[in-house]
Amino acid sequence: MSDRGGVVAAATGAEALSTELPVGRSAGWWGMVMFVATEATLFACLLGSYFYLRFQYGPTWPPAGIGAPNLLTPLVMTAVLVPSSLPVVWAERGIRQGQRWRLQSGLAATMVLGVTFLTLLAGEYVEKLKHFTMTTDAYGSLFYLITGFHGLHVLVGLTMIGWLLAASLRGGSFGSHRHERVRNAAIYWHFVDLVWVAILFTIYLSPWL
């Protein structure tokens with residue numbers, strides 16, 4: 001019995017258990033990556049539908065009565081959203097080093113930029129709705145569906161970042177060895193930024209080509 005007890009103790013001891021911990025990426029990381037891959041597939045289908053309908057419609061695109069999109073607002077939106085990944089990276093690297101102040105300031109900066117982007121998007125909708133709506137034609141449907149779907153993703157990302165910021169300000173358990181939630185939110189935010197670049201070229205720039 002003593003030998004059996006020794007075997008059990010060896011198999012369940014701290015040293016043995018530590019060697020059986022998962023090696024590599026965590027389940028949370030893989031979950032976020034798979035979720036992002038699924039969302040990327042949806043956006044790819046939407047953008048593919050846009051180009052399909054454009055080439056099927058004929059040489060005039062957008063359809064008659066709808067002018068090519070004004071580039072000023074979307075370029076300003078791009079200048080606001082794409083650089084917002086930088087403070088996220090700064091925040092993530094800061095908390096890896098145990099610097100909570102970098103986490104808080106980086107997330108706060110991203111929040112400001114993200115809210116500014118959504119405000120600009122809302123202003124653009126107000127202007128666009130004077131000329132066409134989602135039910136006007138195929139172009140209107142795709143324009144509002146693609147940009148609105150992306151705006152929803154920005155809102156989800158801001159919710160994640162806002163929750164992390166609030167938790168860190170309340171003294172949440174973030175540190176050099178506890179930052180997976182920050183990393184996962186950063187992955188999602190980088191995805192949102194990259195999708196916007198694809199939308200910029202598809203919706204706003206391609207009609208001018």
Side-chain angles (χ1 to χ4, degrees), residues 20-56 74-75 77-96 103 106-107 109-111 113-118 120-121 124-125 134 138-139 141-168 172 174 176-206 209:
E20 295 180 3
L21 291 174
V23 177
R25 302 293 186 178
S26 66
W29 185 89
W30 282 110
M32 179 57 71
V33 169
M34 294 302 295
F35 176 70
V36 165
T38 302
E39 297 298 289
T41 302
L42 292 176
F43 275 108
C45 291
L46 289 173
L47 297 179
S49 299
Y50 176 92
F51 281 113
Y52 174 79
L53 291 176
R54 175 185 177 179
F55 293 130
Q56 288 291 318
L75 289 177
M77 293 163 66
T78 303
V80 169
L81 185 63
V82 173
S84 68
S85 279
L86 296 178
V88 171
V89 172
W90 192 67
E92 182 187 3
R93 291 182 178 178
I95 198 60
R96 285 176 182 271
L103 173 67
L107 294 180
T110 303
M111 285 285 296
L113 294 172
V115 171
T116 302
F117 174 86
L118 289 181
L120 292 170
L121 179 62
E124 186 186 34
Y125 276 7
M134 193 170 186
Y139 174 82
S141 298
L142 286 169
F143 176 87
Y144 289 109
L145 178 61
I146 293 172
T147 57
F149 193 44
H150 178 263
L152 177 62
H153 280 70
V154 174
L155 182 60
V156 171
L158 286 175
T159 302
M160 292 181 183
I161 291 173
W163 181 85
L164 289 173
L165 179 59
S168 66
F174 297 100
S176 58
H177 299 291
R178 294 183 63 86
H179 50 72
E180 183 178 1
R181 289 169 291 175
V182 179
R183 179 179 59 180
N184 290 341
I187 292 172
Y188 186 85
W189 192 257
H190 299 326
F191 161 72
V192 167
D193 285 358
L194 288 174
V195 169
W196 174 253
V197 173
I199 292 174
L200 174 69
F201 280 99
T202 301
I203 300 295
Y204 295 99
L205 297 180
S206 69
L209 301 178

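Quick note: numbers below take in every heavy atom, side chains included, and nothing from hydrogens, waters or symmetry partners. Every value quoted in this text rests on a predicted model; they were computed, and no experiment measured them.
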Heavy-atom closest contact ([X] atom, [Y] atom, distance):
| X | Y | value |
| --- | --- | --- |
| G114 | V154 | O-CG1, 4.2 Å |
| L121 | G151 | CD2-CA, 4.0 Å |
| L142 | L46 | CD2-O, 4.4 Å |
| A186 | E92 | CB-OE1, 3.8 Å |
| P87 | P83 | CD-O, 3.2 Å |

For this session: Run the numbers on M134 and F143 for side-chain contact (heavy atoms from CB on, under 4.5 Å), then give the verdict.
Result: CA-CA 8 Å; M134 193 170 186; F143 176 87; over 6 Å; no
Exercise. Parallel, tilted or perpendicular for F43 and F149, by the 30°/60° rule?
Worked result: tilted
Exercise. Parallel, tilted or perpendicular: which describes the rings of F51 and F55, with under 30° parallel and over 60° perpendicular?
Worked result: parallel
State the [atom1]-[atom2] distance between [X] and [Y], to the nearest 0.5 angstrom.
| X | Y | atom1 | atom2 | value |
| --- | --- | --- | --- | --- |
| W196 | I203 | CH2 | CD1 | 9.0 Å |
| T202 | L47 | OG1 | CG | 4.5 Å |
| N184 | R181 | CG | CZ | 10.0 Å |
| Y139 | Y144 | OH | OH | 9.0 Å |
| D193 | H153 | CG | NE2 | 13.0 Å |
| T110 | L165 | OG1 | CG | 9.5 Å |

Min side-chain heavy-atom separation [X]-[Y] under 4.5 Å:
| X | Y | answer |
| --- | --- | --- |
| L200 | M77 | no |
| L113 | F117 | no |
| V197 | F201 | yes |

For this session: Give a yes or no on whether R183 atom CZ has more than 12 heavy-atom contacts from other residues, nucleotides or ligands under 6.0 Å away.
Result: yes
For this session: Give a yes-or-no answer on whether the side chains of T147 and Y125 include a donor-acceptor pair shorter than 3.5 Å.
Result: yes
Exercise. For S84 and W189, does a side-chain donor sit closer than 3.5 Å to a side-chain acceptor?
Worked result: yes
For this session: Would you sort out whether T159 and W163 count as a side-chain contact (heavy atoms from CB on, under 4.5 Å), showing the intermediate values?
Result: CA-CA 6 Å; T159 302; W163 181 85; 5.6 Å; no
Exercise. R54 side chain to S206 main-chain N or O, any donor-acceptor pair under 3.5 Å?
Worked result: yes
Problem set entry | Expected output: side-chain H150 to main-chain I199 donor-acceptor under 3.5 Å | no
For this session: Could you go through the side-chain contact (heavy atoms from CB on, under 4.5 Å) check for L118 and L158 one step at a time?
Result: CA-CA 10 Å; L118 289 181; L158 286 175; 3.7 Å; yes
Exercise. Among all residues two or more places apart in sequence or in another chain, which pass the ring pair (Phe, Tyr, Trp, His ring centres under 6.0 Å) test with W90?
Worked result: W101
